[in-house]
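Reviewing the structure listed below.
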Amino acid sequence: MRQVGMLDLATESKLFNDEIRGAVHTVLDSRQFIGGPAIGELESTLCAQVGTKHAIAVSSGTDALLCSLMTLGIGHGDEVILPAFTFFASAGSVFRTGATPVFADIDPRTFNIDPERIEAAVTDKTKAIMVVHLYGQCAEMDAINAIAKRHGLKVIEDAAQAIGATYRGGNACALGDMACLSFYPTKNLGGYGEGGMILTDDDALATTARQMRNHGESQRYVHERVGGNFRLDTMKAAILLVKSRYLDDFTQRRQANAAKYNAFLTGAPVQTPFVPESHAPVYHQYTIQCDKRDDLQAFLRDRGVGSAVYYAVPLHLQKCFDALGYKAGSLPVTEAACHRVLSLPIHPMLTEEDLQTVASCIHEFCETAGPVAVSASEAS
Ligand SMILES: Cc1ncc(COP(=O)(O)O)c(C=O)c1O
């Protein structure tokens with residue numbers, strides 16, 4: 001049976017293993033394991049990639065979010081509006097600053113935060129909006145920035161899944177006040193270990209973020225603020241520099257895979273990703289919706305096809321956020337999505353035959369499983 005997995009890091013790594021060995025040896029020989037030229041080079045490469053003035057390499061995507069919030073001075077008594085349909089780190093980082101995460105519901109077609117829900121959630125305690133460009137597709141940034149401007153709020157882009165995505169011709173990471181990337185190995189630009197990046201056009205925020213990355217130190221042994229150790233290791237930066245050279249090609253492969261799925265899945269009663277005209281997603285995930293999601297996932301598993309649910313439990317219903325007072329039904333669109341989404345293999349190493357295998361399994365399931373159609377109001 002043909003196996004199609006969610007990832008194929010083994011095949012992928014054959015493309016650049018020799019270059020990576022060379023880069024690692026250079027760092028070993030330099031014996032500089034913190035700081036050093038690879039960090040600065042990675043930062044300049046990412047600035048050029050996304051078109052921001054500053055990039056600050058940090059220890060993970062989570063730390064990029066935490067460090068950005070700390071840089072903006074967000075803490076006790078403040079509120080940050082964000083979606084609950086995202087990875088835990090988005091809300092966890094807000095909570096760790098002492099601020100209150102305020103969850104707003106999502107658009108059922110794009111899964112991204114709904115600007116109208118943001119507006120309704122603004123209070124006199126709101127300090128920032130954290131948008132998440134979920135699955136590699138940008139949120140509705142014009143509407144969101146307009147709300148932020150009206151209420152004097154900062155906008156943080158959680159672009160962990162969205163490096164390379166564009167919105168109305170602008171790049172993800174250059175659409176708000178500060179942006180955060182993750183280099184977790186499964187990400188579109190995945191490292192060999194943890195890693196992340198903060199991006200901004202704002203000189204003052206960049207200076208503060210650099211200090212916060214290093215315990216808030218402004219000069220040797222002078223601390224005007226409390227930061228953390230959010231530094232990225234030099235070895236990981238050197239590896240990421242090699243991998244960054246493959247990013248555009250890998251992004252195009254993901255986009256081509258998505259176009260093929262769209263074609264191969266024509267006629268199947270599942271909802272394929274909705275892409276508004278002004279958006280060019282990078283398909284960190286290719287996520288379909290199906291009323292019999294769990295049955296479909298089991299069917300695919302039995303036929304050697306991997307898939308994943310991002311996310312099965314919405315953040316407003318996580319036990320650790322009980323005290324925030326949300327209940328089942330608080331965010332109906334988010335909760336419905338949690339029951340219906342299924343991400344299919346979309347990684348850059350897939351062949352046309354792999355994509356056809358996945359699509360035929362889905363057709364076969366739909367023919368045998370009874371009604372699985374999406375309701376008309378939700379179909380794009
Ligand atoms: C949307 C989102 N935000 C934040 C993170 C956190 O990144 P990291 O795992 O690098 O800490 C991730 C990825 O894991 C993510 O998908």
Side-chain angles (χ1 to χ4, degrees), residues 6-7 9 42 46 50 55-70 80-97 101 103-104 106 110-113 128-139 141 144 155-165 172-173 175-176 178-199 209 213 228-233 236-237 239-240 243-244 247 254 281-287 308-316 318 321 334 337-338 341 343 346-347:
M6 286 298 279
L7 284 171
L9 298 182
L42 182 66
L46 268 287
V50 306
I56 300 106
V58 293
S59 32
S60 67
T62 304
D63 286 343
L65 292 169
L66 181 61
C67 186
S68 296
L69 290 159
M70 291 167 80
V80 177
I81 300 172
L82 77 164
F85 193 58
T86 173
F87 181 63
F88 184 79
S90 316
S93 58
V94 172
F95 194 84
R96 286 169 67 194
T97 65
F103 296 112
I106 53 168
T110 62
F111 308 111
N112 277 326
I113 194 165
I129 302 166
M130 182 186 285
V131 300
V132 181
H133 302 317
L134 203 74
Y135 304 147
Q137 174 159 278
C138 291
M141 294 306 293
I144 292 165
V155 175
I156 301 171
E157 297 175 70
D158 179 343
Q161 304 183 1
I163 187 167
C173 296
L175 303 170
M178 301 188 86
C180 301
L181 288 172
S182 162
F183 303 131
Y184 187 78
T186 59
K187 292 293 191 275
N188 288 26
L189 177 53
Y192 282 16
E194 310 280 357
M197 188 76 71
I198 297 172
L199 299 117
R213 169 174 72 176
N229 175 358
F230 300 133
R231 296 182 298 260
L232 179 70
D233 304 310
K236 291 180 192 164
I239 293 169
L240 280 162
K243 289 207 69 187
S244 70
L247 179 64
R254 285 175 182 272
V282 291
Y283 294 100
H284 175 59
Q285 301 298 341
Y286 181 95
T287 302
V309 175
Y310 304 112
Y311 297 89
V313 183
L315 298 189
H316 66 292
Q318 293 289 352
F321 294 140
T334 295
C338 289
V341 290
S343 299
I346 189 72
H347 64 79

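Just so you know, ligand 1 is whichever comes first in the structure, and atom 1 is the first atom listed for that ligand. Here the structure is a predicted model, which means the values were calculated and not measured. No hydrogens, no waters, no symmetry mates; every other heavy atom, side chains included, goes into these values.
Residues meeting the ring-ring contact (aromatic ring centres under 6.0 Å, His included) test with His284, sequence neighbours left out: none. By the ring-ring contact (aromatic ring centres under 6.0 Å, His included) test, Tyr135 pairs with Phe111, sequence neighbours left out. With sequence neighbours left out, Thr62 forms a side chain to side chain contact (heavy atoms under 4.5 Å, CB included) with Ser60, Ala89, Arg96.
Here the two rings, on Phe321 and Phe88, have centers that are under 6.0 Å apart.
If you check the side chains of Gln161 and His133, you find no donor sitting under 3.5 Å from an acceptor.
Listed for the Ser90 side chain is a donor-acceptor partner under 3.5 Å among the backbone atoms of Phe87.
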Within the protein, flag every N or O under 3.5 Å from an N or O of ligand 1, and note the pair and distance.
residue	atom	partner	partner atom	Å
ligand 1	3 (N)	Asp158	OD1	3.2
ligand 1	3 (N)	Asp158	OD2	2.7
ligand 1	7 (O)	Ser182	OG	3.4
ligand 1	10 (O)	Gly61	N	2.8
ligand 1	10 (O)	Ser182	OG	2.7
ligand 1	11 (O)	Gly61	N	3.4
ligand 1	11 (O)	Thr62	N	2.8
ligand 1	11 (O)	Thr62	OG1	2.5
ligand 1	14 (O)	Lys187	NZ	3.0
ligand 1	16 (O)	Gln161	NE2	2.9
ligand 1	16 (O)	Lys187	NZ	3.3

